[in-house]
Amino acid sequence: MRNSGHPSAYTAYLGTSEFCGGCHAYSNQNGVKIADTYAEWKRSRYAKQGIGCQSCHMPGGQGRNSNEGPVRPRVANHSFSLDMITAARPNAAMLALTGARRAGSDTLRVVATATNAGWGHALPTGNDQNIALIRIRVTKTDGTIVWENDPFTEWNVSVFGLILADELGNWPADTWNAVKTVRDRRIQAGGSARVRYDIPLSGAKGALQVEAQLLYRRSKPMTTTAYGLNEDVYGAERTLAQAHLRVP
């Protein structure tokens with residue numbers, strides 16, 4: 001194909017996941033692997049089935065490839081959002097609850113299972129700022145709150161993501177000052193994570209309701225505060241899945 005400025009040609013490479021991997025896999029200046037999205041996809045069943053990144057992330061529609069180009073029935077669009085993805089694949093992330101009062105104890109044991117059922121890579125993926133978390137609440141039948149968690153006081157339980165440490169061992173650290181990985185708690189494609197809560201009931205009687213949400217946010221709270229990031233954008237918690245449980 002030729003145009004007035006220079007010759008051009010079609011290359012099928014632009015439609016492969018290998019092309020995406022050029023940007024979506026990188027380490028920081030200390031050699032700490034931060035994003036590994038391409039390898040996460042490569043290890044998944046989607047790679048084996050020939051389902052590439054563009055299938056979900058560049059669905060496209062009618063439009064032009066350039067201002068002077070013709071209107072085409074499908075032009076790939078990389079301006080996707082989490083809302084677009086969750087709308088297209090509403091069950092890509094799932095959450096389930098099981099639980100019962102513990103015999104001889106004034107506690108309720110609840111197990112939450114978060115499943116990456118339809119993401120073609122880990123949940124979450126990309127930069128270490130991207131995290132998923134579980135918020136869980138126990139109430140009486142009249143709505144009175146018996147107990148609720150604070151995910152950011154239990155990083156090894158309710159937060160899923162890449163947990164990094166700085167040179168002093170402080171964690172969670174950010175991309176730019178991380179020297180090692182404390183733990184990679186991202187849920188891999190097709191995988192699940194089970195977490196347990198032993199909830200004090202403080203003498204609460206009668207039936208109880210347990211409500212839980214699996215949420216996604218683009219920045220850790222301390223990073224949002226430290227750098228004055230837009231809370232509506234980086235601190236917003238978007239629902240990926242939710243679950244309910246009634247305990248007699």
Side-chain angles (χ1 to χ4, degrees), residues 20-41 53 56-57 78-87 92-93 95 112 114-116 119-137 148-189 191-193 195 197 211-242:
C20 304
C23 288
H24 292 279
Y26 59 86
S27 301
N28 73 355
Q29 74 277 14
N30 296 315
V32 179
K33 178 71 77 174
I34 301 297
D36 204 22
T37 306
Y38 173 71
E40 293 164 1
W41 167 83
C53 307
C56 292
H57 293 292
H78 197 46
S79 62
F80 62 90
S81 68
L82 179 66
D83 293 335
M84 291 171 58
I85 300 300
T86 52
L95 184 65
T115 301
N116 181 350
W119 289 36
H121 44 66
L123 189 175
T125 192
N127 192 285
D128 60 286
Q129 290 296 326
N130 299 328
I131 57 176
L133 57 114
I134 292 177
R135 289 195 181 276
I136 184 169
R137 173 182 289 179
E148 58 186 342
N149 74 327
D150 178 359
F152 300 111
T153 63
E154 46 189 27
W155 283 82
N156 285 317
V157 178
S158 296
V159 179
F160 304 101
L162 184 63
I163 302 176
L164 306 173
D166 63 20
E167 60 184 359
L168 298 177
N170 300 314
W171 61 274
D174 292 319
T175 307
W176 44 90
N177 58 16
V179 298
K180 67 176 181 179
T181 299
V182 175
R183 192 174 181 189
D184 188 344
R185 300 197 73 238
R186 293 176 289 203
I187 306 172
Q188 297 301 309
S192 297
V195 293
Y197 300 92
E211 300 176 354
Q213 293 177 306
L214 179 64
L215 304 163
Y216 173 89
R217 59 182 287 156
R218 294 179 58 189
S219 177
K220 298 190 285 278
M222 57 286 294
T223 305
T224 304
T225 300
Y227 295 93
L229 301 179
N230 186 322
E231 187 69 28
D232 292 338
V233 175
Y234 294 96
E237 297 181 352
R238 297 173 172 83
T239 303
L240 299 176
Q242 50 191 346

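Bear in mind the structure is a predicted one, so any value in this text is a computation, not a measurement.
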Evaluate the criterion side-chain contact (heavy atoms from CB on, under 4.5 Å) for residue pair N116 and F160; output intermediate values, then yes/no. CA-CA 11 Å; N116 181 350; F160 304 101; over 6 Å; no
Taking the six-membered ring for Trp, is the centroid-to-centroid distance between W176 and Y227 below 6.0 Å? yes
To the nearest 0.5 Å, tell me how far T223 OG1 sits from D128 CG. 7.5 Å
I want to check something: taking the side chain as every heavy atom from C-beta on, are I34 and L164 in contact at a cut-off of under 4.5 Å? yes
Does CD belonging to E148 count more than 12 external heavy atoms closer than 6.0 Å? yes
In short, I134 meets N149 closest at the heavy-atom pair O-ND2, 3.1 Å
Euclidean distance, W155 CH2 relative to K220 NZ, rounded to 0.5 Å: 6.0 Å
May I ask you to decide whether R137 forms a salt bridge with E211, counting only side-chain N to carboxylate O separations under 4.0 Å? no
Once rounded to the nearest 0.5 Å, what's the spacing between atom CG of N170 and atom CG of L168? 5.5 Å
Testing T181, V182, I131 one by one against L162 for a side-chain contact (heavy atoms from CB on, under 4.5 Å), which residue passes? T181
Rounded distance (nearest 0.5 Å) linking atom CD1 of I187 with atom CG of L123: 5.5 Å
With the side chain counted from C-beta on, respond yes when R217 and T224 share a heavy-atom pair under 4.5 Å apart, and no when they do not. yes
Are there over 12 heavy-atom neighbours, none belonging to Y234, within less than 6.0 Å of that residue's OH? no
How long is the gap from OG1 on T175 to CG on N127, to the nearest 0.5 Å? 4.0 Å
Looking at R185 and S158, what are the two nearest heavy atoms and their distance? NH1-N, 4.3 Å
Minimal heavy-atom distance between N130 and T125, with the atoms involved, is ND2-O, 3.0 Å
Looking at the rings of H57 and H121, which for Trp means the six-membered one, are their centres under 6.0 Å apart? yes
On a heavy-atom basis, the closest approach of G126 and R186 is O-NH1, 3.5 Å
Measure across A93 and A241 and return the closest heavy-atom pair with its distance rounded to 0.1 Å. O-CB, 3.4 Å
Take E237 and R135, measure what side-chain contact (heavy atoms from CB on, under 4.5 Å) needs, and give me the verdict at the end. CA-CA 10 Å; E237 297 181 352; R135 289 195 181 276; 2.8 Å; yes
For the CD1 atom of I163 and the NZ atom of K180, what is their distance to the nearest 0.5 Å? 12.5 Å
Partners of Y38 by ring pair (Phe, Tyr, Trp, His ring centres under 6.0 Å), sequence neighbours excluded? W41
Hey, is the main chain of T239 close enough, under 3.5 Å, to the side chain of Q213 for a donor-acceptor pair? no
Distance-minimising heavy-atom pair for L214 and A132: CD1-CB, 4.3 Å
Looking only at side-chain N and O atoms, does Q129 offer a donor or acceptor that is under 3.5 Å from a partner on D174? yes
